[in-house]
Amino acid sequence: MHDLYIYYQVREEDSSALLPLVAALQSELAARYTLAPQLKRRPQAKNGLQTWMEVYPAAPSGFDTALAQAVERSGILPLLAGPRHTEVFTDLISCV
């Protein structure tokens, strides 16, 4: 398993339309994969753009493909001000 961090920019005027779409996307994936996604944003906008980040902790193998397909169906892409960037992290130490 690994953690996915996906960040992108959103025009401030599109943020209210985007929020329910991302919430629905994450809700669908949470139910299907039993994970707890998070949605974050930087506190300040810059030049009319907000930076948002989706976090998918402990994503199972193959999740990235399912995520890409869900994003295509979600309708969020036209509301983004540029591409989605994905970073993948794995645990070094587990404290469980």
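Side chains are part of it too, since the values below use all heavy atoms of this structure and drop only hydrogens, waters and symmetry mates. Just so it is clear, the structure is predicted and the values come from calculations on it, not from any experiment.
- Counting heavy-atom neighbours within 6.0 Å of Arg42 CZ, excluding the residue itself, gives a total of 12 or less.
- Shown here for Pro60 and His2, the closest heavy-atom pair between the two residues is O-CE1, 4.4 Å.
- Of the possible donor and acceptor atoms, none in the side chain of Asp3 sits under 3.5 Å from a partner among the backbone N and O of Phe89.
- Note that CD of Glu54 and OH of Tyr7 are 13.0 Å apart. Values are rounded to the nearest 0.5 Å.
- Residue pairs that meet the salt bridge (Lys or Arg N to Asp or Glu O under 4.0 Å) test with at least one member in residues 6-31, sequence neighbours left out, are Arg11-Asp14, Glu28-Arg32, Glu28-Arg73.
- In this structure, the separation between OG1 on Thr51 and NZ on Lys40 is 14.5 Å, given to the nearest 0.5 Å.
- Other members of the cluster containing Val88 are Leu4, Ile6, Tyr8, Val10, Leu18, Leu19, Leu21, Val22, Leu25, Leu29, Tyr33, Leu35, Leu39, Trp52, Tyr56, Phe63, Leu67, Val71, Ile76, Leu77, Leu79, Leu80, with ILVMFWY side chains joined at under 4.5 Å, either directly or via other members.
- Residue Met1 shares its hydrophobic cluster (ILVMFWY side chains chained together at separations under 4.5 Å) with no other residue.
- With no hydrogens or angles considered, no side-chain donor-acceptor pair links Lys46 and Gln44 at under 3.5 Å.
- Taking CD from Gln26 and OG from Ser74, the interatomic distance works out to 10.5 Å, rounded to the nearest 0.5 Å.
- Contact detail for Ala30 and Pro37: the closest heavy-atom pair is CB-CD, 3.6 Å.
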